[in-house]
Amino acid sequence: MKKLAVLTSGGDSPGMNAAIRAVVRKSIFEGYEVYGVYQGFQGLITDNIEKLELGDVGDIIQRGGTKLFSARCPEFIDAGVRKNAIENLSRRGIDSLVVIGGDGSYRGAERLDAEGIMTVGVPGTIDNDINGTDFTIGFDTALNTIVDAVDKIRDTATSHERTFIIEVMGRDAGDLALWAGVAGGAETILIPEDVSDVKAVAERIEAGMNRGKKHSIIIVAEGVMSAGECGRELRKYINVDTRESVLGHMQRGGKPTGSDRVLASRLGAFAVDLLKDGVSGCAVGIENNRLTETSFDEVFAEDHQIDRVLYKLSQELSI
Ligand code: ADP
């Protein structure tokens with residue numbers, strides 16, 4: 001019987017459980033024996049691997065986090081360490097692996113594939129920063145979590161006539177800040193993909209105040225600067241009463257939205273389809289609502305780009 005394993009790695013994201021469920025159920029449907037690896041690549045090294053049955057993934061589609069746990073495992077960069085991991089799989093006769101994670105996890109997945117374990121990546125990260133897919137699993141849920149927070153903060157910003165600075169996740173990618181900014185009607189969005197001109201932001205806020213605008217929402221991605229720093233910078237140019245809010249890890253939790261559950265189900269099952277057909281060394285994705293596969297080389301070839309058209313629109317709508 002063909003044997004396949006699945007793991008989740010790197011930062012967790014809502015919908016990872018739905019993806020695990022899809023991989024497990026589709027594998028069993030296709031006649032595979034399927035194994036769960038706990039704690040990401042760490043579990044491959046420590047042999048923390050367990051056979052999974054249909055019932056093991058019951059009642060998880062609606063849960064945030066990951067049933068298989070996740071871990072950072074810096075030593076996986078070492079080929080000697082990976083050899084040990086491959087031996088743990090081979091001893092059980094497992095020759096196929098699905099890695100659910102972000103681009104860091106894809107690096108490990110690409111190595112394993114090159115070294116003999118047929119591996120396919122599934123994009124699980126709230127950052128939406130992976131080439132070869134329009135959306136990553138968890139992005140929609142995190143976006144809605146942020147928008148919910150922005151709506152609530154807007155109520156108090158309006159009541160007290162204040163400028164609020166909301167810091168969201170995104171060290172290198174501004175997708176969450178951009179989409180949340182558009183959806184939440186933010187006056188200003190600061191993303192790592194653009195030069196941040198705080199003086200210009202201050203001038204816009206001042207112009208708004210002069211027109212009678214009573215409050216303002218600024219969304220800043222953590223990779224640009226902290227909310228506190230942004231407030232201090234602003235006050236160098238204008239006399240404005242700011243309040244800062246750092247949303248933090250709540251953005252990674254919570255039950256996945258319907259969209260994320262469907263995306264995870266489609267991508268998880270598609271990864272199994274590819275492995276069954278002998279295709280590996282690639283990541284699955286969704287582009288224009290079609291399931292696609294992209295080689296790891298292509299995924300890594302260039303940095304993820306922000307949607308410039310949406311960014312321009314955000315500026316046009318927040319005048
Ligand atoms: P994410 O997958 O969310 O981007 P990380 O960047 O932390 O998260 O990567 C997750 C894990 O992937 C790392 O802890 C490490 O085990 C593995 N990894 C990252 N880069 C490499 C690499 N160059 N070679 C092998 N494994 C890697």
Side-chain angles (χ1 to χ4, degrees), residues 5-17 19-20 23 37-49 64-66 68-89 97-133 135-139 141-142 168-176 192 221-223 248-249 251-253 256 260 263-264 267-268 271 280-285 294-304:
V6 55
L7 62 81
T8 50
S9 166
D12 69 329
S13 72
M16 277 185 163
N17 274 327
I20 295 167
V23 170
V37 181
Y38 292 88
Q39 297 168 321
F41 294 127
Q42 188 70 44
L44 279 184
I45 300 165
T46 57
D47 203 26
N48 197 352
I49 302 171
T66 160
L68 292 177
F69 303 108
S70 189
R72 313 266 181 197
C73 176
E75 62 268 36
F76 211 67
I77 292 178
D78 185 328
V81 170
R82 287 198 304 274
K83 191 161 175 280
N84 188 15
I86 291 168
E87 276 166 14
N88 285 332
L89 289 172
L97 177 68
V98 176
V99 171
I100 304 166
D103 58 350
S105 303
Y106 279 11
R107 301 268 168 191
E110 188 270 334
R111 289 289 81 217
L112 286 175
D113 189 72
E115 290 159 3
I117 301 292
M118 289 178 59
T119 305
V120 170
V122 173
T125 166
I126 62 167
D127 290 332
N128 209 42
D129 61 346
I130 300 188
N131 291 330
T133 190
F135 295 104
T136 58
I137 299 163
F139 174 68
T141 306
V168 303
M169 281 187 169
R171 272 195 303 261
D172 305 306
D175 281 51
L176 275 176
E222 64 183 334
H249 280 83
Q251 295 164 89
R252 290 239 292 257
D260 267 332
L263 180 64
L267 294 181
S280 73
C282 60
V284 294
T294 307
S295 72
F296 285 131
D297 285 347
E298 231 179 295
V299 171
F300 301 146
E302 49 187 62
D303 289 339
H304 169 76

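Fair warning: this is a prediction, and the values are worked out from it, not measured in the lab. All ligand and atom numbering here is 1-based and tracks the order in the structure.
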Value rounded to 0.5 Å, distance of CD1 in Ile100 from CG in Asp12: 12.0 Å
Nearest non-hydrogen protein atom to atom 22 (C) of ligand 1, with distance, is Arg107 CB, 3.5 Å
Relative to each other, are the rings of Phe76 and Phe41 parallel, tilted or perpendicular (30° and 60° limits)? parallel
Output yes when a side-chain donor or acceptor of His304 lies under 3.5 Å from a complementary backbone atom of Asn128, and no otherwise. yes
Would you say the side-chain atoms of Asp260 pair up with the backbone N or O of Gly138, donor to acceptor, closer than 3.5 Å? yes
Students should be able to answer this: which protein heavy-atom is nearest to atom 18 (N) of ligand 1, and at what distance? Gly104 O, 3.3 Å
Checking the N or O distance criterion of under 3.5 Å, is ligand 1 in contact with Arg82? no
Answer yes or no for Ile77: is there a heavy-atom contact with ligand 1 below 4.0 Å? yes
To atom 2 (O) of ligand 1, the nearest of Ala71, Ser105, Gly10 on a heavy-atom basis is Ser105
Any idea which atoms of ligand 1 are less than 4.0 Å away from a heavy-atom of Phe41? 12 (O), 16 (O), 17 (C)
List the closest protein heavy-atom neighbour of atom 27 (C) of ligand 1: residue, atom name, distance to the nearest 0.1 Å. Gly108 N, 3.7 Å
Just need the protein heavy atom nearest to atom 11 (C) of ligand 1, so name the residue and atom and give the distance. Ser9 OG, 3.7 Å
Scan for salt bridge (Lys or Arg N to Asp or Glu O under 4.0 Å) pairs involving residues 113-128, sequence neighbours excluded, and state none if there are none. Arg82-Glu115, Arg111-Glu115
Step by step, work out the side chain to side chain contact (heavy atoms under 4.5 Å, CB included) result for Leu89 and Leu44. CA-CA 8 Å; Leu89 289 172; Leu44 279 184; 3.7 Å; yes
Check whether any side-chain N or O of Ser13 sits under 3.5 Å from a backbone N or O of Ile137 as a donor-acceptor pair, and report yes or no. yes
Identity and distance of the protein heavy atom lying nearest atom 8 (O) of ligand 1: Arg72 NH1, 3.1 Å
Part of Phe76 within contact of ligand 1 (heavy atoms, under 4.0 Å): both
Heavy atoms only: which of Cys73, Gly11, Ala109 is nearest to atom 3 (O) of ligand 1? Gly11
Could you measure the distance from the CD atom of Gln39 to the OG1 atom of Thr8? Nearest 0.5 Å is fine. 9.5 Å
